[in-house]
Protein chains: 2
Amino acid sequence: MKDHVHCHHCGLENDYCISLVPIFNHLEKPQMDEVMTLIHSKSYKKGEDIYQSGHTSDALYIVRKGRVKIYRLSESGKEQILRILNPGDFTGELALFNESVHDAYASALSDTDICMIKRNDLQNLLLKYPNISMRILSEFSNRLAQSETQTTRFATERVEMRIALFLVESLDTKSESHVVDLPMSKKDLASFLGTTPETISRKLFEFEDAGLIKQITNKKIEIMDVDGLLLI
Amino acid sequence: MKDHVHCHHCGLENDYCISLVPIFNHLEKPQMDEVMTLIHSKSYKKGEDIYQSGHTSDALYIVRKGRVKIYRLSESGKEQILRILNPGDFTGELALFNESVHDAYASALSDTDICMIKRNDLQNLLLKYPNISMRILSEFSNRLAQSETQTTRFATERVEMRIALFLVESLDTKSESHVVDLPMSKKDLASFLGTTPETISRKLFEFEDAGLIKQITNKKIEIMDVDGLLLI
DNA sequence: CTCAAATCTTGATGTACATCAAGGTTTTTT
DNA sequence: AAAAAACCTTGATGTACATCAAGATTTGAG
């Protein structure tokens, strides 16, 4: 009945939520087992909230399956998407180390499984295994760099360029294909890029007219000319 | 001759650079002494660069005295100020935990003293004293929250509101006075807020006409009506 | 499969803010 | 103290993008 709450019961025997996650996957088996005893897991349906701004928080949330959007409401009430979490990403850290109130909203974009670890449990882990701290520090510093890049872009680039950069950076570097799978609706993409759906729509057609991209379906875009896109 | 490089020789005997700094000031005396042996200190004249984007990095920089601006150049070459460091603040962390190349510039806004600790030395410290990690994690999560707030503002607020918010948040909450001391030139402020000096100038005079503020000198602004300013 | 709701597109219009330019002021240098 | 350099102000002009509106398409629920 409470199956879905305790991770060590929530799936296949060997389905370690945390083995996917960069901040834990470097651990030896015995340590991994120890961490596992601290993990709680929970599932969310598409559209459900994982947490809300203003709510108190005492856990780190790790995405095991699905996709999660993190967004804020601006002073004037507009929704602004900060980032999209994919499996392996985590959130909730702000509340973990500082005040215990979320400053953003998290909601499931698809059916999602989350692994949670409680504030105190995590802090004990960090003191016991400094390596985990190092991983989280590394992750934080990545996020910080990314966030500052985003800030710089909002402050200095035109919408057109922000869209172009988003497309290029969405390219899977491993795969040969130059097809981008948009991870969200254009409405959400607009919010993420600080613009409107109308503008996204128009700019994409401009890119297409210029032969830079090809819109295959609503969520699939083939990039024909990466370099050209960046010269916009 | 090398006096300025080794902190334990660089000033008063008891002038522990690190005793000011939140990430170290919780340490006991013996640990503090240990950290001190790892610290290198250096002075910079106003306008001098502390590091440049693209340069390799292997140190954490802590501001002991003075003021430092951290800025980036956008894809299109525009300068964008990310933050201003005051005594006690640190930087260089991005390069510390990930790739070893700076993605931003740091330059001294006034004559500045910096304490440095080398990458390897810091990492050993972190493994030895997990408390320090916790402090840095807390500091990081603060910075992240701040950076995301900034992103949201750029994406959703008009320039007018960004300026108003900047003014209000610059108010020293402790002091009774409602006078804000701008920490930088209006040119730099414009870059920080993602606008132009012209617009800053105009908006400030609009605020003044509306009786919301009073420009005392070029760098001193008295806020007459905090609430009014936020309703812009 | 059907219908309703949500999302996307396209055009017409408006506006916040950048840009350009040129004179005035402050700060820095010597 | 004088000269140079950087900064700030103010006006005139331009434009990138938001907003509003209404039809077209996609998505999802029953």
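The chains referred to below are lettered A, B, ... by the order of the sequence lines, with proteins before strands, and numbering in each begins at 1.
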Problem set entry | For E79(B), the option from K187(B), R72(B), K69(B) that meets side-chain hydrogen bond (donor to acceptor under 3.5 Å, both in side chains) | K69(B)

Problem set entry | Selected nucleotide, minimal atom distance to S185(A) side chain, candidates dT10(C), dT9(D), dT7(C) | dT7(C)

Problem set entry | Atom-to-atom span, CZ of R158(B) to C1' of dA18(C) - whole angstrom | 16 Å

For this session: Give G47(A) one of three labels, base, sugar-phosphate or nothing, depending on what nucleic acid heavy atoms sit under 4.0 Å from its own.
Result: nothing

Exercise. Do NZ/NE/NH1/NH2 and the carboxylate oxygens of R143(A) and E148(B) come within less than 4.0 Å?
Worked result: yes

Seminar exercise, completed: Rounded to whole Å, the CD1-P distance (I163(B) to dA18(C)) equals 9 Å

For this session: Could you tell me the separation between the CG atom of D188(A) and the P atom of dT26(D), rounded to a whole number of Å?
Result: 19 Å

Exercise. Can you check the E160(B) CD to dA18(C) P distance for me, whole Å?
Worked result: 12 Å

Exercise. With a 4.0 Å cut-off on heavy atoms, is K203(A) in touch with a base, just the backbone sugar-phosphate, or nothing at all?
Worked result: sugar-phosphate

Problem set entry | Touch class at under 4.0 angstrom, heavy-atom based, for K46(B) against every strand present | sugar-phosphate

Seminar exercise, completed: Rounded to whole Å, the CZ-C1' distance (R162(B) to dA16(C)) equals 11 Å

Problem set entry | Minimum-distance nucleotide (side-chain atoms of K186(A) versus dT9(C), dT19(D), dC8(D)) | dT9(C)

Exercise. Which of the following nucleotides, dT9(D), dA18(D), dT19(D), is nearest to the side chain of T199(A)?
Worked result: dA18(D)

For this session: Could you please name the option among dA12(C), dG11(D), dC8(D) that lies closest to any side-chain atom of R202(A)?
Result: dA12(C)

Problem set entry | Spacing of CZ belonging to F154(A) relative to OG1 belonging to T195(A), to within rounding of 0.5 Å | 9.5 Å

Exercise. Roughly how many Å is it from CD1 in I221(A) to P in dC8(C), rounded to a whole number?
Worked result: 11 Å

Seminar exercise, completed: Looking only at dC17(C), dT10(C), dT7(C), the nucleotide nearest the T195(B) side chain is dC17(C)

Exercise. Which of the following nucleotides, dT9(C), dC17(D), dT26(C), is nearest to the side chain of N218(A)?
Worked result: dT9(C)

Exercise. Does a distance-only test, which skips hydrogens and angles, find a donor-acceptor pair under 3.5 Å between the side chain of E198(A) and the base of dC20(D)?
Worked result: yes

Exercise. Separation of L204(A) atom CG from dT10(C) atom P, in whole Å?
Worked result: 11 Å

For this session: Send over the distance from K187(B) NZ to dC8(D) P, rounded to a whole Å.
Result: 8 Å

For this session: May I ask you to test the V21(B)-V63(B) pair for a side-chain heavy-atom distance under 4.5 Å?
Result: no

Exercise. With a 4.0 Å cut-off, would you call K203(B) and E160(B) a salt bridge?
Worked result: yes

